[in-house]
There are 2 protein chains.
Amino acid sequence: MAKGRYHHGDLRSALLDAAEALVRERGTDGWSLREASARVGVSPSAAYHHFASRDTLVRALSERTLAWLGERLRQDCERAPGRQDDPQRRLIALGRSYVSWSLDDPAVARLVLRGGATAPDSAISPHPHDVLTAELDRLAGAGALPEPAREGAEFVVWAALHGLAVLLADGLVRFDDPHAVDLQTERVVRTTLNGLAQEASHAAGRPAGRSAHTERLARRSGG
Amino acid sequence: MAKGRYHHGDLRSALLDAAEALVRERGTDGWSLREASARVGVSPSAAYHHFASRDTLVRALSERTLAWLGERLRQDCERAPGRQDDPQRRLIALGRSYVSWSLDDPAVARLVLRGGATAPDSAISPHPHDVLTAELDRLAGAGALPEPAREGAEFVVWAALHGLAVLLADGLVRFDDPHAVDLQTERVVRTTLNGLAQEASHAAGRPAGRSAHTERLARRSGG
DNA sequence: CCGGTATCTAAACGCTGTTCAGATTGGAGT
DNA sequence: ACTCCAATCTGAACAGCGTTTAGATACCGG
């Protein structure tokens with residue numbers, strides 16, 4: 001565990017930490033396995049006793065970060081300002097947390113949100129997507145989200161939030177005022193929820209672009 | 001221009017074509033400049049007379065595809081079914097085109113939509129973002145999008161559509177029925193527009209998460 | 001027909017991910 | 001306390017990568 005040891009102690013975590021730092025400094029691909037190993041003070045081949053390849057290391061970092069993000073989202077829902085059990089406020093807090101993270105740590109966010117980098121069998125807990133689903137259930141339970149609009153609503157909200165997050169992380173859109181990010185996020189969440197509610201009220205008149213069986217879909221892996 | 005020539009004729013385009021095919025086969029990074037050169041029948045160093053680096057080649061491909069996408073979106077707006085001048089139908093057609101492209105050509109879409117790969121000075125025409133903005137103007141002009149909600153509305157719609165597109169391209173979400181993609185896209189557009197309209201009607205009562213000067217933001221580069 | 005310039009080739013550089021045979025170590029069983 | 005084993009790490013090696021340089025080739029304006 002100390003320096004100068006032949007055995008490192010916790011090389012796996014140390015490599016993940018080094019990789020995370022390198023991603024922040026130079027992006028997902030701007031560094032080498034050799035460099036991460038050297039930074040930890042170990043030979044390049046040592047890494048292969050903990051990760052099958054460089055890609056596996058990157059995936060593991062992605063999963064670790066995704067689980068961390070899920071926990072962060074869950075906590076920020078609890079810490080939502082105002083009446084603590086206002087489900088809409090909670091969802092806005094979730095959205096703010098998601099989006100502000102992607103802006104504050106864009107390089108890591110780019111890596112994680114791209115999600116092709118998570119192993120199919122990985123059991124991330126709590127998964128950000130599950131946290132979002134739980135909040136929508138809470139919203140529906142409180143009557144704020146009419147039942148006919150509940151089905152598949154997570155994909156509408158998720159798409160909107162995820163879109164904003166990746167647009168910011170990729171630098172495709174920029175806000176002059178950092179506070180404007182929160183406002184825009186809140187607007188996206190409110191707009192989406194309002195739209196979903198209105199869709200339900202219109203549903204009787206004409207069928208919306210939605211039906212029970214055509215919307216069956218499966219989440220796959222990432223954030 | 002023919003085979004066996006010492007001078008290729010249009011090596012630049014040929015390299016872009018080869019890169020595009022390789023991206024489809026093995027993703028953005030699953031191929032080498034050397035391989036693209038070999039496929040075109042040219043030595044690796046020949047590429048450097050047309051592109052400063054491998055990265056420059058990839059960026060050029062991204063820009064070429066982005067311009068192609070802009071043209072496609074514009075055309076699909078015109079070809080919108082139903083009353084041709086129904087601005088909402090046009091926007092739905094745009095959304096469908098954007099999203100279905102990202103699903104039909106996911107590898108190239110991943111490359112293009114991550115947008116960090118477009119040069120800052122590139123003049124892409126027509127830029128997808130500009131096509132979207134034009135359609136929202138049309139919508140506002142027809143009175144379908146109330147004026148107070150118009151400002152910054154493109155970022156709400158863009159975020160929702162872009163989010164859905166990247167979720168599909170990255171495989172983070174999958175639809176069993178291909179037709180469900182269109183339905184979900186239409187739902188996202190409708191929901192967003194409904195929400196924006198409702199936001200405007202509520203705006204008098206309580207201020208929405210939006211204000212004129214905090215929303216000033218600047219587009220940067222990609223799609 | 002000539003000369004210049006754009007285009008392409010061949011060889012080389014340092015670096016990469018990855019593999020493999022062998023050295024080192026901590027810990028479990030006696 | 002000692003032994004042995006499995007886990008861990010090293011060092012050297014491999015092919016392939018992006019990129020650079022010096023030089024060959026071929027098109028085009030005069």
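Chain letters run A, B, ... following the sequence lines, proteins first and then strands; every chain starts at 1.
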Whole-Å gap separating P (C:dT16) and CG (A:Leu57): 15 Å

Pi-cation contact, A:Trp31 with A:Arg54 (under 6.0 Å, within 45°): yes

Aromatic plane relationship, B:Phe155 with B:Trp158 - under 30° parallel, 30 to 60° tilted, over 60° perpendicular: tilted

Candidates D:dC9, D:dT10, C:dT9 - which lies nearest the side chain of B:His49: C:dT9

Close residues, residues 12-24 of chain A, relative to DNA chain C [heavy-atom separation under 4.0 Å]: none

Restricting to nitrogen or oxygen on both sides, can you table the protein-nucleotides 17-19 of chain D pairs closer than 3.5 Å?
residue : atom : partner : partner atom : Å
D:dC17  : OP1  : B:Ser32 : OG           : 2.9
D:dG18  : OP1  : B:Leu33 : N            : 2.8
D:dG18  : OP2  : B:Leu33 : N            : 3.1
D:dG18  : OP2  : B:Arg34 : N            : 3.2
D:dG18  : N7   : B:Arg34 : NH1          : 2.3
D:dG18  : O6   : B:Arg34 : NH1          : 3.0
D:dT19  : OP2  : B:Tyr48 : OH           : 2.7
D:dT19  : OP2  : B:Arg54 : N            : 2.7
D:dT19  : O5'  : B:Tyr48 : OH           : 3.1

Residue among A:Arg90, A:Arg89, A:Arg72 satisfying salt bridge (charged side-chain N to carboxylate O under 4.0 Å, His left out) with A:Glu78: A:Arg90

Short side-chain N/O contact from B:His50 to OP1 or OP2 of C:dA6, under 4.0 Å: no

N/O donor-acceptor pair under 3.5 Å between B:Asp170 side chain and B:Leu172 backbone: no

For atom CG of A:Asp10 and atom C1' of D:dT8, their distance in whole Å: 13 Å

Salt bridge (Lys or Arg N to Asp or Glu O under 4.0 Å) evaluation trace for B:Glu20 with B:Arg39: CA-CA 12 Å; B:Glu20 186 170 355; B:Arg39 198 171 274 211; over 6 Å; no

Under 3.5 Å: donor-acceptor pair, side chain of B:Thr192, backbone of B:Val188: yes

Distance in angstrom units between A:Asp29 CG and C:dG17 P, rounded: 10 Å

Ring geometry between B:Trp101 and B:Tyr98 (parallel below 30°, tilted from 30 to 60°, perpendicular above 60°): tilted

B:Leu168 side, atom CG; B:Phe175 side, atom CZ - distance, nearest 0.5 Å: 5.5 Å

